[in-house]
Amino acid sequence: MAQARHLRTSIRFALPALLGLLAVHPTASAQAPRRGPNDPVDPPVPPSSAKVSSARHPLDPLDPAEIQRAVATVRKERRLPESVRFVSVTLNEPLKDVVLHPRSDGGCPREAFLILLDNATGRGFEAVVDLGRETVTRYDALPEGVQPPIMTDEFLECEEAARRSPAFRAALKKRGVEDVNLVMVDAWSAGHYGNEPPEDRGKRLSRALCWVRSEPNDNGYARPLEGIVAVVDLNRKEVLRIEDYGAVALPPQAGNWARSYIKEMRSDLKPLEVQQPEGTSFTIRGHDVQWQKWDLRVGFNPREGLVLYTVRYEGRPILYRASIAEMIVPYADPKESAYRKNAFDMGEYGVGMMANSLALGCDCLGTIRYFDGHLADSRGRPVTIKNAICLHEEDAGMLWKHTDWRTNQSEVRRARRLAVSMVATLGNYEYGYYWYFYQDGTIQMEVKLTGIMNTTGLKPGEAPRFGTEVAPQVNAPYHQHFFSARLDFAVDGETNTVHEVNTRSVPAGPDNPHGNAFFAESTPLRKESEAQRRTNPLSARFWRVVNPGRENVMGQPVAYRLCPGENVLPFAQPGAAVLQRAGFLTRNLWVTPYDRAERYPTGDYPNQNPGGDGLPRWTKADRPLEARDLVVWYTFGQTHIPRLEDWPVMPVSSVGFLLRPDGFFDRNPAMDLPPPSPRSSGL
Ligand code: NI
């Protein structure tokens with residue numbers, strides 16, 4: 001967890017506790033601000049920005065100078081008091097039209113979107129700044145009770161508040177812990193359960209969970225401070241109360257992972273090096289990446305982290321925008337201190353803010369190109385995460401092969417893929433987000449799960465029902481990891497329709513006299529109520545995003561196929577709070593017509609939100625989905641029943657999906673790959 005990062009101002013900025021901070025979203029939605037009678041009135045909006053930056057693409061993330069300008073503009077115009085903090089400062093993404101039909105001079109208006117929080121009043125705000133005119137074009141108070149996400153700085157504040165609290169110290173003392181500086185207080189989101197005591201109402205809360213190191217650099221997650229929940233008012237930076245569900249002795253063993261603790265390393269590894277003596281096959285200009293027949297733009301924001309835009313193959317569009325828009329980890333344990341554990345990592349925190357600086361270590365081989373991530377801290381100061389996004393090529397085994405056994409002719413082509421990735425540390429866990437582009441038009445999304453499992457303490461001899469005892473008295477609770485991929489498709493253009501394909505057996509009878517017959521049945525998803533689907537491996541179910549206006553060589557509409565990988569549904573009961581708040585988890589596939597305001601499947605502000613927002617709400621309108629600009633939301637998850645081998649650091653576990661051309665090309669688009677050289681094929 002605590003990873004170090006540097007501010008531009010070279011202030012050292014430690015990131016403790018759980019998860020990052022969040023940001024973003026461009027326009028109003030139903031949850032978005034309504035202006036109250038006492039709220040400031042917006043100044044008139046100028047027609048469009050006159051001053052533009054021709055050097056920047058409309059989708060380029062804000063750079064540090066733009067972040068600074070956005071903050072300075074809001075500060076100056078709104079005369080913000082010291083108590084107002086910057087939850088996030090990010091690009092206000094332009095209208096699609098601006099991107100797809102750029103101005104002839106190449107210039108573009110640049111806007112910043114800001115979320116602010118006044119610690120003094122507890123009120124949140126949204127602002128839009130025209131960076132060219134240096135003027136605030138929108139400034140709205142969030143409705144009362146809407147909590148902006150937890151800011152990274154609040155992790156430290158939460159920990160410090162707990163350490164200062166006499167009640168907290170007393171709870172520590174009961175557990176034999178004297179040195180409060182060794183205690184780790186992870187600022188878990190409070191959620192919303194409808195049973196909050198009256199003193200919690202309207203407050204900005206964390207229900208923090210605690211561990212204690214035995215020395216400053218060891219693995220604190222091996223030593224849970226079982227039974228303590230520190231309820232912290234984040235606006236006042238003080239402990240409201242310590243809930244103590246009973247002390248349990250600390251586990252007897254350390255669970256260290258740092259190299260200094262590993263006594264003996266294996267010694268039989270010979271070097272395996274990737275060499276690219278002529279450089280890479282990709283070229284990068286700004287945030288635009290070209291690699292063989294692919295081109296795409298790389299983006300980054302505090303909430304989602306890595307974002308891809310305008311993904312094309314041979315100039316043909318496939319995706320306008322792709323991101324992992326939410327990630328939720330519900331835990332299984334029903335006990336009082338644990339049933340609220342289900343972090344919304346994008347919406348309640350923000351994965352971009354927790355992106356690793358890969359300058360500290362990157363797992364990739366070969367020639368690597370990095371992109372920095374630019375964000376703001378809660379005081380509006382630019383923060384740069386050096387090398388936040390990694391881009392490189394990888395060998396990917398065999399792409400295709402055939403041997404004519406009569407003639408002994410043999411052809412084989414090696415596959416190569418372009419990997420665009422980032423890694424985020426969310427408290428104890430690491431998540432690697434990898435998008436891969438293959439030469440045959442395949443796009444793969446892979447999430448790599450690693451890091452340290454969350455832990456609770458066990459009494460000696462206690463057998464956990466809802467977890468695995470991974471080391472003596474260390475319980476790794478059962479949990480699930482869910483991700484929502486927001487895929488704004490543009491298969492050969494914006495006019496798309498989604499079909500579901502199921503493979504069916506034909507009943508025995510005149511149509512199937514020998515019992516062998518099966519066929520693929522394609523069903524268009526015509527409206528939103530028909531487009532809330534689950535995976536079904538037994539019908540080999542997949543979905544196709546079709547462009548009905550473009551035909552392939554066979555006269556069929558071109559398409560891309562969404563191929564589910566491993567998947568699961570939540571085990572939580574329908575009435576459980578987590579499913580009220582994240583109803584999208586109950587379906588693996590949702591399709592919506594494109595709406596600029598619909599960015600996150602749980603709505604814009606899930607922190608402490610009772611729920612109902614996002615996909616379940618939007619789709620009640622049952623909008624038509626045929627032949628229009630569509631967004632596909634794919635929910636994918638993995639159930640984690642921990643193993644002993646997942647301790648103390650878990651080997652990578654992967655989950656994801658594929659997008660594959662399906663009649664998009666007229667034949668295998670990788671027939672033109674040259675054969676491998678004898679040297680590279682080992683001949
Ligand atoms: Ni897990």
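Order of appearance sets the numbers: ligands from 1, and atoms from 1 within every ligand.
- Ring geometry for F483 versus H481: interplanar angle under 30°, hence parallel rather than tilted (30 to 60°).
- Scanning for ring-ring contact (aromatic ring centres under 6.0 Å, His included) contacts around Y339 gives Y193, with sequence neighbours left out.
- For the pair R581 and F344, the cation sits on the ring face: its NZ or CZ lies under 6.0 Å from the ring centre, inside 45° of the axis.
- Remark: aromatic rings of W633 and W618 are close, center separation under 6.0 Å.
- The structure places OG of S421 at 7.5 Å from NZ of K448, a figure rounded to the nearest 0.5 Å.
- The number of heavy atoms from other shown groups lying within 6.0 Å of CZ (R660) does not exceed 12.
- Only protein N, O or S atoms were scored, and 4 of them lie under 2.8 Å from the Ni ion (ligand 1).
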